[in-house]
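We count ligands from 1, going down the list as the structure has it; atoms in each ligand are counted the same way.
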Amino acid sequence: MKDVAIIGLGCAGYTAAIYSARYKLDTVIIGEVEGGMGMSAADVGNWPGDIDIAGPDLMEKFKNHALSFENVAHVSGRVEHAEKAGDHFVLTMQNGDTLEAKALIIATGSNKRHLDLPGESELSGKGVTYCATCDAFFYRGKTVAVIGGGDSAVEGAAIAAQVAAKVYLIHRRDEFRAEPYWVDKVHEKDNVEFVLNTNVLEILGEERVSGVKLDTPYNGSDTLDLDGVFIEVGSIPATALAEQLGCKLDDRKHLKVDDALQTNIKGVFAAGDVSGGSNHFAQFATAAGEGAVAANSVFSYLQAGDGGHSGAMG
Ligand code: NAP
């Protein structure tokens with residue numbers, strides 16, 4: 001029986017493990033994909049203390065720090081099922097193994113949103129991808145489009161412009177929600193064209209992507225010829241496991257948490273992109289902050305012995 005099981009190997013999960021370890025909690029951290037969404041950040045310029053660091057390098061540091069403690073065990077794999085059994089929790093892994101813990105920290109992050117356009121699933125992996133910063137490298141000298149107007153899309157367009165011959169940034173509005181830092185970066189590139197107030201209606205191509213169909217003509221045509229399309233239209237919180245436990249969602253489909261980051265289920269805490277904490281602002285700094293708060297809350301919960309916090313928002 002572990003004191004705490006942390007599910008998720010991203011920024012929030014690793015930070016929760018570091019704090020749990022220092023609270024002397026017998027800790028296990030479980031997950032499938034090391035580094036989580038942080039792995040797709042090409043260029044992190046807002047992690048305090050590192051002026052400029054690549055996401056994978058930052059996540060490697062998080063992982064090494066978290067796993068440096070003797071009281072942090074690491075289990076690689078997918079948790080298929082979670083349930084409450086009296087005053088503790090039982091997790092069943094995909095391979096059938098079970099793990100028991102007195103408290104849980106759900107740090108399962110989020111998954112990239114799809115547009116579900118005609119041609120999208122058929123051409124997924126054949127020119128359609130969901131991570132511009134990860135995949136731009138394969139499009140050296142080619143013509144690509146990035147769809148979206150948030151940090152992922154605008155950063156993705158700036159990174160893609162370093163290798164591709166031409167990048168179209170297609171956004172449904174004429175204002176970006178991305179950080180002005182990235183908007184400026186992309187404006188500095190002379191091989192990026194902005195296709196604004198425009199939606200993509202269809203991904204075109206037979207064996208591979210050949211273009212997209214637009215709802216508004218651009219330069220007199222309602223199609224763009226392309227070699228690749230990066231869809232960067234946000235993420236959907238990965239709440240399925242927490243929902244098995246009865247955790248409630250907020251109006252933006254994140255896990256509903258109280259100030260201690262406890263969900264409505266006593267002993268189940270949430271941190272990072274899956275939670276609705278930090279005003280839904282998904283950043284390395286906020287995910288790390290939530291990981292720290294969740295571990296502190298687990299410490300109080302276990303010390304109180306009777307469930308600690310009230311179990312938010314019943
Ligand atoms: P996001 O901020 O939610 O932005 C999603 C974008 O996709 C928006 O511009 C949105 O348009 C557009 N969109 C959504 N649904 C659409 C649809 N059906 N059709 C067309 N366009 C659609 O997502 P994100 O950029 O992935 O960022 C997620 C979080 O991660 C944010 O908190 C962000 O700050 C963070 N992030 C940070 C960094 C960094 O700091 N380096 C890098 C990447 C991501 P509207 O604007 O019109 O709504």
Starting from [atom], find the nearest protein heavy-atom neighbour and note its residue, name and distance.
{"atom": "atom 8 (C) of ligand 1", "answer": "Arg177 NE, 3.6 Å"}
{"atom": "atom 47 (O) of ligand 1", "answer": "Arg173 NE, 2.7 Å"}
{"atom": "atom 10 (C) of ligand 1", "answer": "Arg172 NH2, 3.8 Å"}
{"atom": "atom 19 (N) of ligand 1", "answer": "Leu115 CD2, 3.5 Å"}
{"atom": "atom 23 (O) of ligand 1", "answer": "Gly234 CA, 3.3 Å"}
{"atom": "atom 28 (C) of ligand 1", "answer": "Ser152 OG, 4.6 Å"}
{"atom": "atom 36 (N) of ligand 1", "answer": "Asp151 CB, 3.7 Å"}

Those residues that, when tested against His81, pass ring pair (Phe, Tyr, Trp, His ring centres under 6.0 Å) (two or more places apart): none
Should the proximity of [X] to ligand 1, defined as any heavy atom under 4.0 Å, be assigned to the side chain, the backbone, both, or neither?
{"X": "Met37", "result": "neither"}
{"X": "His280", "result": "neither"}
{"X": "Glu175", "result": "neither"}
{"X": "Val200", "result": "neither"}

Selection from Val44, Val233, Thr198 by shortest heavy-atom distance to atom 13 (N) of ligand 1: Val233
Worked check of side-chain hydrogen bond (donor to acceptor under 3.5 Å, both in side chains) between Ser278 and Glu290: CA-CA 8 Å; Ser278 303; Glu290 288 188 30; 2.7 Å; yes
Flag: protein heavy atom within less than 4.0 Å of atom 17 (C) of ligand 1: yes
Contacts of type side chain to side chain donor-acceptor pair (under 3.5 Å), residue Lys213, not counting sequence neighbours: none
Polar side chain donor-acceptor pair, His254 to Asp273, under 3.5 angstrom: no
Plane angle bin for His114 and Tyr130 - parallel if under 30°, tilted between 30 and 60°, otherwise perpendicular: parallel
Glu207 atom CD: more than 12 heavy-atom contacts under 6.0 Å: no
